[in-house]
Amino acid sequence: MDKRGCKDDGNQFYFISFLIEEACRYDIKGKSYIGTLLKYYFMDLGLRNARINFRQMEVIHSMENVIFNELRMRGFGVDVGKLSVTEQGKDGRLTKKQLEVDFICNKGSKKYYI
């Protein structure tokens, strides 16, 4: 586990070679890191696309990856947020939902939620 409590999954080769970066999940209400469910971002989308033979060309995922890379280049520490909410449905039942904050950006003492 690293300093944030993220689990080491054994893919260190990809991280050492700067092909992939990981973002830990952060529980916004509990204000703590969740040790599982890391999210991975490719540093070079061209290499990613070549590796998977240009399958899964989804614009939304590519844009998320580009934004992650831009935030990292600007010096932000980037994590992914998780927020649990309880809502009352039309039938009066309470349901729990897991929402995701795409990016929690940390730089110095400032924190931004995107």
Open item on the list: What's the separation between atom CD1 in I34 and atom CG in D79, rounded to the nearest 0.5 Å?
Closed with: 10.5 Å

TODO: Please round to the nearest 0.5 Å and tell me the distance separating atom CD of Q98 and atom CG of L83.
DONE: 8.5 Å

Task: Shortest non-hydrogen contact between K82 and S84, atoms and distance - done: NZ-OG, 3.3 Å

- [ ] Determine, for E100 against R25, whether the closest basic-nitrogen to carboxylate-oxygen distance falls under 4.0 angstrom.
- [x] yes

Task: Minimum-distance pair of heavy atoms, taken over all atoms of I114 and C105 - done: CD1-SG, 3.7 Å

TODO: Measure the spacing between OH of Y26 and CG of N106 and express it to the nearest 0.5 Å.
DONE: 8.0 Å

Open item on the list: Can you tell me how far apart CE (M43) and CD1 (I20) are? Round to the nearest 0.5 Å.
Closed with: 10.5 Å

Open item on the list: Check this for me: I60, atom CD1, are more than 12 non-hydrogen atoms of other residues, nucleotides or ligands nearer than 6.0 Å?
Closed with: no

Show me the side-chain donor-acceptor pairs of residues 64-75 shorter than 3.5 Å, one per line, residues at least two apart or across chains.
from: E64; atom 1: OE2; to: K39; atom 2: NZ; distance (Å): 2.8
from: E64; atom 1: OE2; to: Y41; atom 2: OH; distance (Å): 2.9
from: N65; atom 1: OD1; to: F42; atom 2: N; distance (Å): 3.1
from: N65; atom 1: ND2; to: F42; atom 2: O; distance (Å): 2.6
from: N69; atom 1: ND2; to: F42; atom 2: O; distance (Å): 3.2
from: N69; atom 1: ND2; to: N65; atom 2: O; distance (Å): 3.4
from: E70; atom 1: OE2; to: R74; atom 2: NE; distance (Å): 2.6
from: E70; atom 1: OE2; to: R74; atom 2: NH2; distance (Å): 3.1
from: R72; atom 1: NE; to: E21; atom 2: OE1; distance (Å): 2.8
from: R72; atom 1: NH1; to: F76; atom 2: O; distance (Å): 2.8
from: R72; atom 1: NH2; to: E21; atom 2: OE1; distance (Å): 3.4

Open item on the list: Within this structure, what is the CG-OH distance for the pair L19 and Y40, rounded to the nearest 0.5 Å?
Closed with: 14.0 Å

- [ ] Quick one: list whatever passes side-chain contact (heavy atoms from CB on, under 4.5 Å) with S109, sequence neighbours left out.
- [x] none

Open item on the list: A side-chain contact here means heavy atoms from C-beta on lying under 4.5 Å apart; do I104 and V78 qualify?
Closed with: no

- [ ] Check the pair D102, V80 against side chain to side chain contact (heavy atoms under 4.5 Å, CB included), reporting the backbone distance first and the verdict last.
- [x] CA-CA 6 Å; D102 284 332; V80 178; over 6 Å; no

TODO: Mind running side chain to side chain contact (heavy atoms under 4.5 Å, CB included) on E87 and L94 for me, showing each step along the way?
DONE: CA-CA 6 Å; E87 292 182 344; L94 294 177; over 6 Å; no

